[in-house]
Amino acid sequence: MNAPVDMTNLHDCRDAFSKTLEALAGANDDIVTVCNDSVGSSKMSGFREKFPQRLINVGIAEQNMVGVAAGLANGGKIPFVCCASPFLTGRALEQIKADVAYSQTNVKLCGISSGLAYGDLGPTHHSIEDFAWIRALPNITIVAPTDSTETAAATRWAAHHDGAVFLRLSRVGVPDILPENHRFVAGKADRLNEGDDVTIIANGVLTHRALLAAQLLSQRGISARVLNMATVRPIDSGEIIAAAEETGAIITCEEHTVFGGLGSAVAEVVVQSCPVPMKFLGVPGIFAPTGSANFLLDEFGMSPQGIADSATVLMKKRASA
């Protein structure tokens, strides 16, 4: 069993992102940022103070923002586009498709306050479709870090990766669950807990909840494997197939609609390689209502207790099949 999750010390992953990006920019003059009047919410104030000529604020014009970033990339720069995820992926999807994915430009798309992080602002600000929209496009690596340690590691990886990246970042406080020396590898899941009875696959703000659920399941005599699947595309097919073969049941947890996101990506592997019973936990194909992110996650069955209960039910269905 993994070490107990420390819920007394929570971190905003935007802080790790901005601190890491400032350090990278200090060592590489080609790193620039482009934002849409979101300097504060993207935590880019420090970057602007240190590198005022390397932050381009286009105002509330997301399509232009992505186009400007693509032009900077074509000029040899490494642009990090910082924007609230619902507006980056929704308003500028055509530019992401044509100017980034199709043109294969070296743009880093940073979706800030993703998932249900803007919960109190309601359905217009929820970003629960971004995995599905971006995952449908070729040539973009999709990453949803789970804590501040992985956020820093993934940001460093993105800066050195030659190609487009969608980095999905939340503002919801999460505990650090990965070791300080964690090395991010794109397309590679982290097995955080060993188990033989069922596998829980999660990323972003839900991985620590999956670990807490595994601890609850252990009290019921159920051994749960937990995978941190930070990279949604390319997905770690090897770990998914191993989970299917070795545990026989899989639950996915995502801060996203259950259509087209992490669960769908995992199921695409499972159905072609080793079909086993699955349960998707996420927003059940509706516009999520107004409410704090943690409240909404709990309401949609993704509290640690809810995840553990779903795992128990899934195992009973498998046993009776």
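Keep in mind that this is a model prediction, so the values were computed, not measured.
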Any [X] side-chain heavy atom under 4.5 Å of [Y] side chain:
X: V66; Y: V107; result: no
X: Y102; Y: N139; result: no
X: N9; Y: P175; result: no
X: C253; Y: I201; result: no
X: T231; Y: K188; result: no
X: T290; Y: L121; result: no
X: V165; Y: I140; result: no
X: P86; Y: E129; result: no

Rounded to the nearest 0.5 Å, what separation is found between the [atom1] atom of [X] and the [atom2] atom of [Y]?
X: C13; Y: K43; atom1: SG; atom2: NZ; answer: 11.0 Å
X: S42; Y: F47; atom1: OG; atom2: CZ; answer: 12.0 Å
X: H11; Y: D176; atom1: NE2; atom2: CG; answer: 4.0 Å
X: D147; Y: L10; atom1: CG; atom2: CG; answer: 11.5 Å
X: T207; Y: L212; atom1: OG1; atom2: CG; answer: 11.0 Å
X: F280; Y: T257; atom1: CZ; atom2: OG1; answer: 11.0 Å

Test side chain to side chain contact (heavy atoms under 4.5 Å, CB included) applied to M65 and I60, V58, L109, I56, the passing residue: V58
Establish, from distance only, whether the side-chain atoms of [X] and [Y] form a donor-acceptor pair under 3.5 Å.
X: E150; Y: N228; value: yes
X: D130; Y: S85; value: yes
X: S223; Y: D197; value: no
X: D196; Y: T247; value: no
X: R209; Y: N294; value: yes

Criterion side chain to side chain contact (heavy atoms under 4.5 Å, CB included) on W157 and T141, from CA distance to verdict: CA-CA 11 Å; W157 171 84; T141 301; 3.7 Å; yes
Can you tell me which residue pairs pass the salt bridge (charged side-chain N to carboxylate O under 4.0 Å, His left out) test with a partner in residues 218-228, sequence neighbours excluded?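 Every salt bridge (charged side-chain N to carboxylate O under 4.0 Å, His left out) pair that includes a residue of residues 218-228, provided the two are not neighbours, is R220-D309, R225-E246.
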If I compare all heavy atoms of [X] with all of [Y], which pair ends up nearest, and what's the gap?
X: A69; Y: V81; answer: CB-CG2, 3.4 Å
X: G40; Y: S45; answer: CA-OG, 4.4 Å
X: C83; Y: L88; answer: SG-N, 3.6 Å
X: L116; Y: E255; answer: N-OE2, 3.0 Å
X: I200; Y: A214; answer: CD1-N, 4.5 Å
X: I112; Y: S41; answer: CG2-O, 3.5 Å

Applying the 4.5 Å side-chain criterion to the ILVMFWY set and letting contacts propagate, would [X] and [Y] be lumped into a single cluster?
X: V269; Y: F259; value: yes
X: L227; Y: L216; value: no
X: V185; Y: I240; value: no
X: L281; Y: V174; value: yes
X: V205; Y: F300; value: yes

Okay, side chain of [X], backbone of [Y]: is any donor-acceptor separation there less than 3.5 Å?
X: R91; Y: A61; answer: no
X: T146; Y: G204; answer: yes
X: S18; Y: D15; answer: yes
X: D190; Y: L192; answer: no
X: S170; Y: V172; answer: yes
X: R54; Y: A25; answer: yes
X: T105; Y: D99; answer: yes
X: H256; Y: A132; answer: yes
X: K108; Y: H161; answer: yes
X: N36; Y: E62; answer: no

Apply side chain to side chain contact (heavy atoms under 4.5 Å, CB included) to the pair H208 and M7, showing each step before the final yes or no. CA-CA 9 Å; H208 78 274; M7 295 298 296; 3.6 Å; yes
Between F131 and R168, is there a cation-pi geometry (under 6.0 Å to ring centre, at most 45° from the normal)? yes
Pair D12 + R171, salt bridge at N-O below 4.0 Å: no
Suppose we screen for side chain to side chain contact (heavy atoms under 4.5 Å, CB included). Which residues come up paired with P277, at least two apart in sequence or across chains? L314, R318
With sequence neighbours excluded, tell me which residues meet ring pair (Phe, Tyr, Trp, His ring centres under 6.0 Å) with Y118. H125
Start with the C-alpha gap between R156 and L24, add the side-chain angles, then the distance that decides, and say whether side chain to side chain contact (heavy atoms under 4.5 Å, CB included) holds. CA-CA 7 Å; R156 289 190 292 269; L24 290 165; 4.2 Å; yes
Worked verdict on L21 versus I31 for side chain to side chain contact (heavy atoms under 4.5 Å, CB included): CA-CA 9 Å; L21 190 58; I31 291 177; 3.9 Å; yes
